[in-house]
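Down below is the structure, laid out as structure tokens.
Basis for what follows: all heavy atoms, side chains included, without hydrogens, waters or symmetry-related copies. A, B, ... follow the sequence lines: proteins, then strands. Residue 1 opens every chain.
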Protein chains: 2
Amino acid sequence: MLVKTETQPGYFGHQAASHQDVPPVCDFAFPGAIERMGFTNSYPLDTEIYGEEEPAQYLYKVVSGAVRTYKILENGRRQIAAFYVPGDVFGLETRDEHALSAEAISQSKLILVKRRDLIALASHDNAVARLLWTLTAAELRRTQDHTLLFAMSADQRVAGFLLEMAERLLTDDEVKLPMARRDIADYLGLTIETVSRSLTHLENSAAIKIPTSRRIQFRDYAALGRLSA
Amino acid sequence: MLVKTETQPGYFGHQAASHQDVPPVCDFAFPGAIERMGFTNSYPLDTEIYGEEEPAQYLYKVVSGAVRTYKILENGRRQIAAFYVPGDVFGLETRDEHALSAEAISQSKLILVKRRDLIALASHDNAVARLLWTLTAAELRRTQDHTLLFAMSADQRVAGFLLEMAERLLTDDEVKLPMARRDIADYLGLTIETVSRSLTHLENSAAIKIPTSRRIQFRDYAALGRLSA
DNA sequence: CGACCATTTGATATGGATCAAGCGATGTGG
DNA sequence: CCACATCGCTTGATCCATATCAAATGGTCG
């Protein structure tokens, strides 16, 4: 549960099908009709998508690549709030200005939809209004789960992080991490050294295997789950 | 910004007045018409309002007293997610089950509104739909700010916490804390001893004065702000 | 092949946890 | 009204997980 995230609409069961009459362009979380209101844009590695306190003009959906949102604290530390991978939606701000900055972690292709248009649409299309709510709610859930990680030890945080990534990126019992150790460290509130050591612990305890630093093979979910608990 | 929270509707300026035609029973965050759909209930000190994984039946607004939401981790630690004081709304869950438990921190009076009724209303009243979204968004913002605290030192977390409380509870340069040290510790991811020591540091540095353990007088906001930064 | 940068590994330092005592308010019974 | 128990908080002493500092390794790209 802790590492469960949910990007799909449909928390309210009977309402989930509200967009199914429109053939979806993408597999989930936001429907074709809305995507077609937007356009595609590409971002090279480590480029800014938007900055903190910039006006929030767009809602973004990841087509390919990956994105981090973060904030630089006055003490110089960077806290990463979330990672977004293909299918995820981000940038749906609640005020007119972004609370966080966003950067492409790797060469990324995004769909951008004008926030103003969406809000206007939501004011007479109830399904759109519900979608905006649902997306915000999913983000809230994800952020709450993130908070819980901070009550745990370094090894537990890393295990929890891996399970979160596995849920979103697993293919053939392996995850190709889109982010560097520094990003993982800044997401978990640890140093890169500690992240590295924790990964080594997990490998030594036969929970995972690390053929290369970006590839994590899952050997023993139960062990990871026990740790992340 | 870090400790800024916002319970009032109206992120979108021109939309904020959508409920003003109904005379509000309470001062802010959710309008009289909706409150009248609900009823009042009282909870003694330290009693459960709802438990994790219970069906989410109601939305709650604090009339008097105070509430904490939290989760008990498998390692036995309790992570407090948020505190709610008079005027605050909580319990607006995204799925059909609560993600967190809620308890009254002190003798509390709450207004309860049936979640199902609200969602039904939202499906044809656009202003209600926007309100639900706005409330969820405010909660997201609050949770994001909470996450940032974990990137800081103990003294900084405590200073940040005090500023957050000041924003919501300040009268005459003094805050009457509704919660015990243990609650503060579990909110900040520290021990009660460390919270106590940090408060002493802040008092020694003349930023605050602590006439009794529940009363905090603010002497030097700049110093607190500098710390919490 | 060689330079560069990310990652891992090693040695040491430290902030906050833990363990343990003291203190101060509140309440109870004599 | 005062001993005395209780409970929450503060203060003190020590320990430990993780940070920090430093070096070695390895993968990538010219």
Side-chain angles (χ1 to χ4, degrees), chain A residues 44-46 68 73 75-80 105-107 149-162 175-205 208-217 227, chain B residues 45-46 66 68 73 75-80 105-107 149-162 175-205 208-217 227:
Chain A
L45 175 63
D46 286 334
R68 61 179 167 242
L73 301 184
N75 60 25
R77 291 182 61 160
R78 179 185 67 163
Q79 178 61 51
I80 291 186
I105 287 178
S106 57
Q107 165 68 37
L149 281 180
F150 292 102
M152 311 200 287
S153 74
D155 285 1
Q156 291 176 324
R157 292 185 207 187
V158 171
F161 169 77
L162 290 181
V175 164
K176 173 89 182 64
L177 294 176
M179 74 290 284
R181 294 290 183 268
R182 164 141 309 286
D183 292 319
I184 300 174
D186 288 352
Y187 178 71
L188 297 177
L190 301 170
T191 59
I192 53 173
E193 292 95 330
T194 298
V195 169
S196 181
R197 280 185 245 269
S198 290
L199 285 170
T200 305
H201 296 164
L202 292 176
E203 187 167 33
N204 290 342
S205 67
I208 60 172
K209 191 160 183 303
I210 313 177
T212 77
S213 66
R214 293 292 186 116
R215 286 172 53 210
I216 307 288
Q217 288 172 357
L227 256 177
Chain B
L45 174 64
D46 286 333
R68 62 179 166 241
L73 300 184
N75 60 24
R77 290 181 63 160
R78 178 183 68 164
Q79 178 62 51
I80 291 185
I105 286 178
S106 57
Q107 165 69 35
L149 281 180
F150 292 102
M152 312 200 286
S153 74
D155 285 1
Q156 290 175 324
R157 293 185 207 187
V158 171
F161 168 78
L162 290 180
V175 164
K176 172 91 183 61
L177 294 176
M179 74 290 285
R181 293 290 183 270
R182 164 141 308 284
D183 292 318
I184 300 175
D186 288 351
Y187 178 71
L188 297 178
L190 301 170
T191 59
I192 52 174
E193 293 95 330
T194 299
V195 170
S196 181
R197 280 186 246 269
S198 290
L199 285 169
T200 305
H201 297 163
L202 292 176
E203 188 167 32
N204 289 342
S205 69
I208 59 170
K209 193 161 182 301
I210 315 177
T212 76
S213 64
R214 294 291 187 115
R215 287 173 52 211
I216 308 289
Q217 287 171 359
L227 256 179

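Here the rule is side chain to side chain contact (heavy atoms under 4.5 Å, CB included) with B:Ile184, and of B:Ile192, B:Leu177, B:Val158, B:Leu190 only B:Leu177 fits it.
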- [ ] Go through the steps for B:Ile210 and B:Thr200 under the test side chain to side chain contact (heavy atoms under 4.5 Å, CB included), then give the verdict.
- [x] CA-CA 9 Å; B:Ile210 315 177; B:Thr200 305; 5.9 Å; no
Open item on the list: Apply side chain to side chain contact (heavy atoms under 4.5 Å, CB included) to residues A:Val175 and A:Leu162 and explain how you reach the verdict.
Closed with: CA-CA 9 Å; A:Val175 164; A:Leu162 290 181; over 6 Å; no
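In terms of heavy-atom proximity, B:Gln79 sits nearest to A:Ala151 at OE1-CB, 3.6 Å. Of all heavy-atom pairs spanning B:Gln217 and B:Pro211, the tightest one is NE2-CG, 3.6 Å. The shortest non-hydrogen separation linking A:Gly189 to A:Arg157 is O-NH1, 3.6 Å. B:Phe161 and B:Met179 make their closest contact through CZ-SD, 3.7 Å (heavy atoms, listed as atom of the first residue, atom of the second, distance). In terms of heavy-atom proximity, B:Pro178 sits nearest to B:Ala66 at CB-CB, 3.7 Å.
One interatomic measurement links the two molecules: CD of B:Glu203 to P of D:dT10, which rounds to 9 Å at whole-angstrom precision. For the pair A:Asp155 CG and D:dA17 C1', the interatomic distance rounds to 10 Å; values are reported in whole Å. We find that NE2 of B:His201 is positioned 12 Å from C1' of D:dG12, with the value rounded to whole Å. The CZ atom of A:Arg157 sits 11 Å away from the C1' atom of D:dA17 (whole-angstrom rounding).
Along DNA chain C, the stretch of nucleotides lying under 4.0 Å from any heavy atom of chain A spans, 5' to 3', C:dT7 to C:dA11.
A salt bridge (charged side-chain N to carboxylate O under 4.0 Å, His left out) check over residues 178-196 of chain A, counting only residues at least two apart or in different chains, returns the pairs A:Arg68-A:Asp183, A:Arg78-A:Asp183, A:Arg78-A:Asp186, A:Arg182-A:Asp186.
Fit an axis to the five pairs at each end of the helix from C:dC1-D:dG30 to C:dG30-D:dC1 and the two axes sit 30° apart, to the nearest 10 degrees.
Base engagement by B:Ser196 is indicated by at least one non-hydrogen atom pair under 4.0 Å involving a base atom.
Judged as a side chain to side chain donor-acceptor pair (under 3.5 Å), and not counting sequence neighbours, the contacts of A:Thr194 are A:Thr191. For A:Arg215, the salt bridge (charged side-chain N to carboxylate O under 4.0 Å, His left out) test picks out A:Glu174, with sequence neighbours left out. Not counting sequence neighbours, the partners of A:Ser153 by the side-chain contact (heavy atoms from CB on, under 4.5 Å) test are A:Asp155, A:Gln156.
Taken from CZ in A:Phe150 to CG in B:Leu149, the straight-line distance is 10.5 Å, to the nearest 0.5 Å.
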Polar atom pairs (N or O), protein with nucleotides 24-30 of chain D, under 3.5 Å:
none

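Residues from residues 181-194 of chain B lying near DNA chain D, meaning a heavy-atom separation below 4.0 Å, are B:Arg181, B:Glu193 in numerical order.
At a cut-off of 3.5 angstrom, the base of D:dG8 holds no donor-acceptor pair with the side chain of B:Arg214.
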